[in-house]
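Data block below; observations after.
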Number of protein chains: 2
Amino acid sequence: MSQTVDRALSILPLLAEGPANLEQVAGRLGVHKSTALRLLRTLHEHGMVYRQGDQRYRLGARLFALAQQAVENLDVREIAHPHLVELNEKCGHTVHLAVYEENEVLYIDKVESRYPVRMYSRIGKPVAITVAAVAKLLLADLPEAERRALAEKLDYPLYTSRSTPNATAFLAELAKVREQGWATDLGGHEESINCVGAPIRGADGRVVAAMSVSAPNVVVTAEELLTLLPSVRRTADAISREYSGNTPQKDQ
Amino acid sequence: MSQTVDRALSILPLLAEGPANLEQVAGRLGVHKSTALRLLRTLHEHGMVYRQGDQRYRLGARLFALAQQAVENLDVREIAHPHLVELNEKCGHTVHLAVYEENEVLYIDKVESRYPVRMYSRIGKPVAITVAAVAKLLLADLPEAERRALAEKLDYPLYTSRSTPNATAFLAELAKVREQGWATDLGGHEESINCVGAPIRGADGRVVAAMSVSAPNVVVTAEELLTLLPSVRRTADAISREYSGNTPQKDQ
DNA sequence: AATGGGTGTTGCACACAGTGCAACATGAAC
DNA sequence: GTTCATGTTGCACTGTGTGCAACACCCATT
C-alpha cells in the first residue's frame, strides 16, 4: 500500500537473517543506495535497527522491547500463567500456551520442565503448525472455510514418520480434535517427544488459546503422558472460566 | 528522515500500550484517518500489527518472530549459554546475560533460579540502567566522553534508599567498577534482591556483554552471595576466552 | 606520501507516491 | 426506519521520496 513503508519494513526480515551493510540492503531491496540509507536512518531513529562497529546494520533493541510489551498485553496470558505454573508443579513437565494469529500459531508462554531433559522451544517462536497439539486445537476451531483454505495452503514437512502428511489427513485430524475436545502430538515433530493439549475458550465458546504438556519419551511414555489428560483439561477449563468471567463482553 | 516511515513506526510503540482503533491512531499521530488507515494496512501486510475481532489493532506476531531471530543471531549469547547453565547448576540462582546498545542495557539471556522465590525479569526487557550490576559493567567500559554524556542524560529513579542518586555518584561507581573488574547491586533496584556480576570481553579487551547472578535476601544474604564472586568471574572469563578465540578478527 | 578501489554520505531537480478532503459504506443502537 | 459512530474509497494537489552524480572517507598497496 505505502511504498516507502513497505520497503522499510522489508529491511527487517532481511536483517533478521544476519547483519548487512548499506549496499547489500540496497541491492536486496532493489533501490538506490541513498534510498536505502534514508530508510535505514529512519529505522535507526526508532531503534528498530542498530549499527554495529563495522558499520553493518543489525536488528535493534526496540524490537525486543516492543515484542515484550506486546506479549505482556495479552490478557489470556496474564490469567493463564499461574494455572500453568501450578500444573507444572504437579506434573513437572514443560507447559506451553499458544495462540493463533494470521496463519501462524505461536507460543506466548512457557513453564520449563523440572526434568533435566528439556525440549527446545521459545516464546515467540512459530509452532510446527501441522503437527503440534496446540496448533490442532486452535485450527480445529476456525470457521470451516478458513480452516479448509489454510489447510490447502500449508506445507506438510515430514519431521518424522508420524508427521501429518497432507491437507486431507490434517483436516481429518482437526475434525477428530474438534469432536473430542483435546489433542495430542505423539512424535509428530520430534520422534521422542509427546504432547497432550486442551483448548481455552472465551465467553462465546470460541477457542482463544491452547495449552499443552510436553515430555520426552525417556522421561515418560506416551501412555503415561496421556494419564495427565484430565488435569490438563481441568487446568484449561479453569483458565477458560476465569478468562470468560473477567471479560464478559470483551472479545478477542 | 522519511516522513511516511517515521509515522508508520510511531504507531508501534503506541499500540504497545494497548489496542487502539483507527481514529485513536490517527488522532495520536496527528494525521487524517485515511492516512493512518494506509499506514496500518502496510504494517498489517508485514505482520507487524494484527487486527482483532473488534477491529482494533494490536502488535502482531511477526514482531515476536523478528525479535526471536535477532536474539538468536547474537553470537555472544550462543557461546555464553552453556556456561550460564553450568553456573546455575552449581549455585542454583538466577543468571542473567546482558548487552549495551544505544543508551540501553538489555537482558539477552536468562537461566531461572531453582529456588521457589524468583526475581522478575524477562529477556528483552530493558534493565534498570543506573543500578543493575550488568549495566554498571557495560557502561564502565564506554569511552570517557560517551560515558559522561550518558550519565548526565539519565534519570536516577530512587527505586530504594540504596539506588544510585545522581550522575556524580554513578560516574564514581562506574570508575570503581572499572577498577575492580566486577560489580554488585545490593538492593539498589529492589530492596531484597542482590546481584553480583562480571564482564565478558572480546579479543580486543572491550566489554561486549555482562553477566550476573541474582538472589533475594530471603534465600542468601549479600555476604553469602559475594562468596560466589570467584565462580562468576571464572565463568565470565571462560566465556570471554571462548568468544575471543572463536571470533579472532570479527568485531561487534 | 601518493594512488586507487571500495565504502558511506550529501545536494538537487523531477515526478510520483502520499496526503487530506469529502463523499460513501457499514453496522450498531434505539 | 433514523441516527450516530466508525471504517473505507476516489480523487486532485503538492510535498515527500526518489535516483543520479559528485563528494568525502577509510584502508590497502606501492
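Convention: sequence-line order gives letters A, B, ...; per-chain numbering from 1. Because only heavy atoms are used, hydrogens play no part in the values below, and waters and symmetry mates are left out as well, while side chains stay in.
- A salt bridge is absent between E45(B) and R62(B); no separation between the charged side-chain nitrogens and carboxylate oxygens falls under 4.0 Å.
- Contact of K33(A) with dG8(C) (side chain to base): a donor-acceptor pair of N or O atoms is detected under 3.5 Å.
- Summarising the geometry, the separation between CD on Q55(B) and C1' on dA25(C) is reported as 12 Å, rounded to the nearest angstrom.
- Distance from the side chain of H32(B) is smallest for dC21(C) among the nucleotides dG7(D), dC21(C), dG8(C).
- At whole-Å resolution of the value, CG in L22(A) and C1' in dT9(C) are 9 Å apart.
- Closest to the Y57(B) side chain, of the nucleotides dT19(C), dT8(D), dT9(C), is dT8(D).
- Here dG18(C) presents its P atom at 16 Å from CG of L29(B), a figure rounded to the nearest Å.
- Projected onto DNA chain C by closest heavy-atom contact, Q24(A) and T35(B) fall at different nucleotides, the more 5' of which corresponds to Q24(A).
- Electrostatic pairing of E17(A) and R28(A) counts as a salt bridge here, judged by a charged N lying under 4.0 Å from a carboxylate O.
- Rounded to a whole Å, the CZ atom of R7(B) is 10 Å from the C1' atom of dG20(C).
- Among dG8(C), dG20(C), dG7(D), the nucleotide with an atom closest to any side-chain atom of V31(B) is dG20(C).
- Atom CG of L37(B) is separated from atom C1' of dT6(D) by 11 Å (rounded to the nearest Å).
- The nearest whole Å value for the distance from the CD1 atom in I11(A) to the C1' atom in dG17(D) is 14 Å.
- Atom-to-atom, CG of N21(A) to P of dG6(C) comes out at 13 Å; the value is rounded to the nearest Å.
- Across the protein-nucleic acid pair, Q3(B) atom CD and dC16(C) atom P stand 20 Å apart, rounded to whole Å.
- In this model, the phosphate group of dG18(C) is not approached by any side-chain N or O of T4(B) to a distance below 4.0 Å at OP1 or OP2.
- Here the side chain of R38(A) is nearest to one of dG19(D), dT8(D), dG7(D), namely dG19(D).
- Set against dT19(C), dT9(C), dT18(D), the side chain of L39(B) has dT19(C) as its closest nucleotide.
- We find that R206(B) and D141(B) are joined by a salt bridge, their nearest charged nitrogen and carboxylate oxygen being less than 4.0 Å apart.
- Atom-to-atom distance recorded for K153(A):NZ and R148(A):CZ is 15.0 Å, nearest 0.5 angstrom.
- Across all strands, S34(B) comes closer than 4.0 Å to base atoms (heavy-atom distances).
- Nearest approach of A128(B) to A135(B), heavy atoms of both residues: O-CB, 4.3 Å.
- The side chain of R41(A) lies closest to dT9(C) when the candidates are dG19(D), dT19(C), dT9(C).
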